[in-house]
> 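Got a structure here, written out as C-alpha cells. Questions coming.
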Amino acid sequence: PFRGHYLPGGRTGPVKTVSPILYSALLLTVLGATAWATELPPGVMRIAGTPAPALQLDNLDGEAYDLAETRGHWRFVHFWASWCGPCRREMPRIQQMITLLEDSDIEFLIINTAETEDEVFTFLGIVAPELVPLMDTDGLVTEAWQPRGLPATYLVDPEGLIQYQALGGREWEQPVYLDFLRNLDR
C-alpha cells in the first residue's frame, strides 16, 4: 500500500511500506545468518583477547622457537603428553588437520609437556610421524599458559592475543573445525 508521508525538504509523497510479515522474515534471516557466522565449533570457547604468555622452546630437532618473533598470522598452540588418553587419540587427527590446512597461514605449535625426547619420539613415530613438537621438558611454559588439563589448544591472533581456547580432545580434521580455522583470517 502507498500512503502520503512527509519527506525531507518539506515535500510530501507516496512511500512504499514493507509488510510486517516480510519485515519479520527479513530480520530473522539476517539475525540467523549472523548467528550462524559467529557460531563456534563444539568445545571451542572465545576468550577476551588475553596476551599470550611467553613461549620459547626448542623443537624435537633442537631448533629454537620464540612465539614473540612470529606475529602477523594466527598460531594454533596445542599442549599435550603421550600419557594422556585424549591426547593419544587426538594426535593423528592433528596431523591430518595440518595436512588439510597446509595452504593456510596458520602456524601449528604442538607442545609436549614434561616428557623426555625418547618418550616423545617413540610415541609420535607410531601415531603421527610427520609432527615435530616443541619440547617443554621442565613443564614451565605449560605452567605459564595454565591449561586446566591436557590436551589444551589456544588460538593466538596475529597481534599475539589469545582469542580462542579448546580444552580436551577435538576432531580437528572434521569440516566444522577446518572451516572455523580457515575463516580466522577472513
> Check whether any side-chain heavy atom of Arg88 lies under 4.5 Å from a side-chain heavy atom of Val127, and answer yes or no.
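No, side chains not in contact.
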> Could you measure the distance from the CG atom of Leu100 to the CG atom of Leu178? Nearest 0.5 Å is fine.
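Atom-to-atom, Leu100:CG and Leu178:CG are 5.5 Å apart.
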> Measuring from atom CZ of Phe121 to atom CG of Asn112, what distance do you get when rounded to the nearest 0.5 angstrom?
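So the gap between those two atoms works out to 14.0 Å.
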> For Gly125 versus Pro129, what's the shortest heavy-atom pair and its separation?
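So the minimum-distance heavy-atom pair works out to O-CB, 4.0 Å.
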> Indicate, with yes or no, if Trp145 and Phe76 share a hydrophobic cluster defined by side-chain heavy-atom contacts under 4.5 Å among Ile, Leu, Val, Met, Phe, Trp and Tyr.
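Per the 4.5 Å side-chain linkage, Phe76 and Trp145 are not co-clustered.
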> With rounding to the nearest 0.5 angstrom, report the CG to CG distance, Asp58 to Asp136.
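Going from CG on Asp58 over to CG on Asp136, the span is 11.0 Å.
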> So, for Ala152 and Pro147, which heavy atoms are closest and what is the spacing to 0.1 Å?
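Here Ala152 and Pro147 meet closest at CB-CB, 3.5 Å.
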> Run Glu115 and Ser82 through side-chain hydrogen bond (donor to acceptor under 3.5 Å, both in side chains) and show every step you take.
CA-CA 8 Å; Glu115 293 186 287; Ser82 67; 2.5 Å; yes
> Minimum heavy-atom separation for Pro151 and Pro86, please, with both atom names.
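Taking every non-hydrogen atom into account, CD-CB, 3.7 Å.
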> Using side-chain heavy atoms (C-beta onward) and a distance below 4.5 Å, is Leu134 in contact with Leu55?
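Contact flag for Leu134/Leu55 side chains = yes.
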> Name the orientation class of the two ring planes belonging to Phe79 and Tyr154 (parallel below 30°, tilted from 30 to 60°, perpendicular beyond 60°).
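Phe79 vs Tyr154 ring planes: perpendicular.
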> With rounding to the nearest 0.5 Å, note down the distance linking CD1 in Ile98 to CD in Gln96.
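Ile98 CD1 to Gln96 CD: 11.0 Å, rounded to 0.5 Å.
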> Tell me whether Leu140 shares a hydrophobic cluster with Leu109, the cluster being built from Ile, Leu, Val, Met, Phe, Trp, Tyr side chains joined at under 4.5 Å.
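No.
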> If we check side-chain contact (heavy atoms from CB on, under 4.5 Å) with Val77, which of these qualifies: Val141, Ile110, Ile162, Ile111?
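That would be Ile111.
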> When you check the gap from the basic side-chain N to the acidic O, do Glu173 and Arg93 get nearer than 4.0 Å?
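Looking at Glu173 and Arg93, the cut-off is met.
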> Tell me, do Asp157 and Trp74 make a side-chain contact under 4.5 Å, heavy atoms counted?
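Yes, at least one pair of side-chain atoms sits under 4.5 Å.
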> Taking the side chain as C-beta and beyond, is there a heavy-atom pair between Leu181 and Leu155 under 4.5 Å?
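Heavy-atom side-chain distance check passes, below 4.5 Å.
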> For the residue pair Glu90 and Trp172, establish whether any side-chain heavy-atom pair is separated by less than 4.5 Å.
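Yes. Closest side-chain heavy atoms under 4.5 Å.
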> Does some side-chain heavy atom of Thr99 sit less than 4.5 Å from a side-chain heavy atom of Glu130?
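Side chain of Glu130 against side chain of Thr99, heavy atoms only: no contact under 4.5 Å found.
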> Of all the heavy-atom pairs spanning Pro133 and Val120, show the shortest one and how long it is.
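That would be CG-CG1, 3.6 Å.
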> Can you tell me how far CG of Leu57 sits from CD of Glu63, rounded to the nearest 0.5 angstrom?
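Output value for this atom pair is 13.5 Å.
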> Determine whether Met45 and Leu167 make a side-chain contact, defined as any pair of heavy atoms from C-beta on separated by less than 4.5 Å.
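The answer is yes; the side chains approach within 4.5 Å.
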> Within the structure provided, determine whether His73 and Arg75 are in side-chain contact (heavy-atom separation under 4.5 Å).
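Yes - at least one pair of side-chain heavy atoms lies under 4.5 Å apart.
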> Quick one: pull up CG in Leu101 and OH in Tyr177 and give me the separation to the nearest 0.5 Å.
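Here the rounded value is 14.0 Å.
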> Cluster question for you: counting only ILVMFWY and a side-chain heavy-atom cut-off of under 4.5 Å, with indirect links fine, are Tyr65 and Leu60 together?
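Per the 4.5 Å side-chain linkage, Tyr65 and Leu60 are not co-clustered.
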> Which atom names give the shortest non-hydrogen contact between Pro53 and Leu67, and what distance separates them?
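Of all heavy-atom pairs spanning Pro53 and Leu67, the closest is O-CD2, 4.0 Å.
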> Is the ring pair Tyr164/Phe180 parallel, tilted or perpendicular, if the boundaries are 30 and 60 degrees?
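Plane angle over 60°, so perpendicular.
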> Leu40 and Val44: which non-hydrogen atoms are nearest, and at how many Å?
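Closest heavy-atom pair between Leu40 and Val44: CD1-O, 3.4 Å.
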> Under the side-chain hydrogen bond (donor to acceptor under 3.5 Å, both in side chains) criterion, do Arg170 and Thr153 qualify, and how do the steps go?
CA-CA 9 Å; Arg170 301 278 150 241; Thr153 303; over 6 Å; no
> Carefully, step by step, assess Trp83 and Leu150 under the rule side-chain contact (heavy atoms from CB on, under 4.5 Å).
CA-CA 10 Å; Trp83 49 260; Leu150 296 178; 3.9 Å; yes
